[in-house]
Amino acid sequence: MKRISLTQYLVEEQRLHNTIPAELRLLIEVVARACKTISHSVGKGALGEVLGTAETENVQGEVQKKLDIISNEILLEANEWGGHLAAMASEEMESIHPIPNRYPKGEYMLLFDPLDGSSNIDVNVSIGTIFSVLKAPEGMGEPTEADFMQAGSKQVAAGYAVYGPQTMLVLTTGHGVNCFTLDREMGSWVLTQRDMQIPAKTKEFAINMSNMRHWHPPVKRYVEELLAGDTGPRGTNFNMRWIASMVADVHRILNRGGIFMYPADLRDTSMPGKLRLMYEANPMAFIVEQAGGAATDGKQRILDIEPHKLHQRVPVFLGSRDEVAVVTGYHQG
Ligand code: AHM
Ligand code: MG
């Protein structure tokens with residue numbers, strides 16, 4: 001079989017759809033290269049002395065793992081000097097990271113969750129990197145947080161790398177979703193799945209069931225109906241999976257369907273859900289919609305949410321569109 005590299009894919013996409021100009025191609029290739037480096041660190045584990053907890057907390061008061069910090073550094077360093085970015089923002093940093101003055105600036109802004117699924121790092125379960133690309137507003141001067149406050153529908157690219165049995169990169173630039181597998185010997189990304197499609201129907205759901213007693217009524221009703229199986233109102237037996245790595249759960253859903261949920265709940269009413277709009281929900285919603293699925297916060301399309309702060313959290317329901325429609329309907333009804 002003829003191998004198509006990430007570079008060839010990006011060049012050909014530009015020829016076909018005119019959506020990946022050279023600067024954006026550079027950006028995607030630099031992020032992909034950084035993910036290769038992160039994959040290498042993750043793969044070393046205890047041998048690289050990268051496991052365990054660092055003595056720091058991130059802006060949300062969560063204890064950082066060593067690999068959270070290493071991955072953040074890798075992405076910052078890789079993306080600073082290329083001239084393709086105006087600024088970056090990361091789940092692991094309190095405020096935005098403008099490109100230092102010694103480097104030229106570009107017209108894109110990059111947001112990332114450098115290593116998602118932190119609770120799985122030390123136990124050798126799949127984790128990943130999630131990224132989202134926005135355009136800097138016209139005539140932007142010194143970048144500020146306000147420049148990042150753009151709805152997810154404005155993303156020009158989004159993707160994730162999953163560090164599992166294989167390292168894969170899943171990417172969209174608004175014309176479908178494609179998947180690349182890292183050839184570890186050659187150090188190159190090879191196109192292995194074209195135009196991924198999420199089946200509209202599914203019998204599989206993903207949610208952290210231990211929070212059930214804290215859920216709001218629409219989520220409780222929906223999951224109770226799934227659990228009731230073929231003698232309940234849905235008339236079908238549903239299966240459940242929860243990896244506690246959004247990247248790994250979404251990757252399974254892209255491949256064989258399913259619905260992923262991280263709702264808001266009553267544990268801490270000041271916190272509308274756990275997942276972050278800019279680093280997790282928006283890029284995943286873009287990918288899922290591009291693969292024919294749906295993504296809502298229970299009430300509206302995630303990509304339509306107008307953000308008001310960088311580290312904003314949102315409830316997330318995404319995946320097979322028929323199931324997302326059912327649970328969204330229960331919130332609206
Ligand atoms: P993180 O960014 O701190 O790793 O948190 C996000 C992760 C998601 O990958 C995953 O879906 C969720 O947290 C799991 O949460 P929980 O441990 O509550 O099940
Ligand atoms: Mg995360």
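The model shown is predicted, which means the values in this text are computed figures rather than measured ones.
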Donor-acceptor pair, side chain of [X] and main chain of [Y], under 3.5 angstrom:
X	Y	result
Lys154	Leu134	no
Glu289	Phe286	no
Ser90	Glu92	yes
Gln150	Lys135	yes

Please round to the nearest 0.5 Å and tell me the distance separating atom [atom1] of [X] and atom [atom2] of [Y].
X	Y	atom1	atom2	answer
Leu26	His84	CG	NE2	5.0 Å
Leu110	Tyr108	CG	OH	12.5 Å
Glu91	Ser118	CD	OG	7.0 Å

Does [X] pair with [Y] as a salt bridge, N-O distance under 4.0 Å?
X	Y	value
Asp183	Arg3	yes
Lys65	Asp122	yes
Glu204	Arg256	yes
Asp265	Arg267	yes

Verdict with reasoning, Glu323 to Arg234, per salt bridge (charged side-chain N to carboxylate O under 4.0 Å, His left out)
CA-CA 11 Å; Glu323 288 307 314; Arg234 301 298 304 273; 2.6 Å; yes
Could you list the donor-acceptor pairs under 3.5 angstrom formed between side-chain atoms of residues 4-12 and any protein atom two or more places apart in sequence or on another chain?
residue : atom : partner : partner atom : Å
Ser5    : OG   : Gln8    : N            : 3.1
Thr7    : OG1  : Glu29   : OE2          : 2.4
Gln8    : NE2  : Glu12   : OE2          : 3.0
Tyr9    : OH   : Asn178  : ND2          : 2.9

side-chain contact (heavy atoms from CB on, under 4.5 Å) partner of Pro218, the single match among Arg221, Lys220, His216
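So, applying the side-chain contact (heavy atoms from CB on, under 4.5 Å) to Pro218 and each of Arg221, Lys220, His216, only His216 qualifies.
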For [X], look at atom [atom1] and say whether over 12 heavy atoms of other residues, nucleotides or ligands are found less than 6.0 Å away.
X	atom1	result
His40	NE2	no
Arg321	CZ	no
Asn101	CG	no
Trp242	CH2	yes

Evaluate Leu310 against Met149 for side-chain contact (heavy atoms from CB on, under 4.5 Å), listing each step before the verdict.
CA-CA 7 Å; Leu310 208 48; Met149 298 299 102; 4.0 Å; yes
Listed partners of His17 passing ring-ring contact (aromatic ring centres under 6.0 Å, His included), at least two apart
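With neighbours one apart ignored, the set is His175.
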Looking at every heavy atom in both Ala295 and Val324, which two are closest together, and how far apart are they?
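Minimum heavy-atom contact is N-CG1, 4.4 Å.
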Heavy-atom closest pair, residues Val223 and Met261
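Shortest heavy-atom contact: CG2-CE, 4.3 Å.
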Looking at the rings of Tyr222 and His331, which for Trp means the six-membered one, are their centres under 6.0 Å apart?
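Ring-ring flag for Tyr222/His331: false, centres at least 6.0 Å apart.
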Are Ile243 and Phe260 joined in one hydrophobic group, where the rule is that I, L, V, M, F, W and Y side chains link up if heavy atoms are under 4.5 Å apart?
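No, no single cluster joins them.
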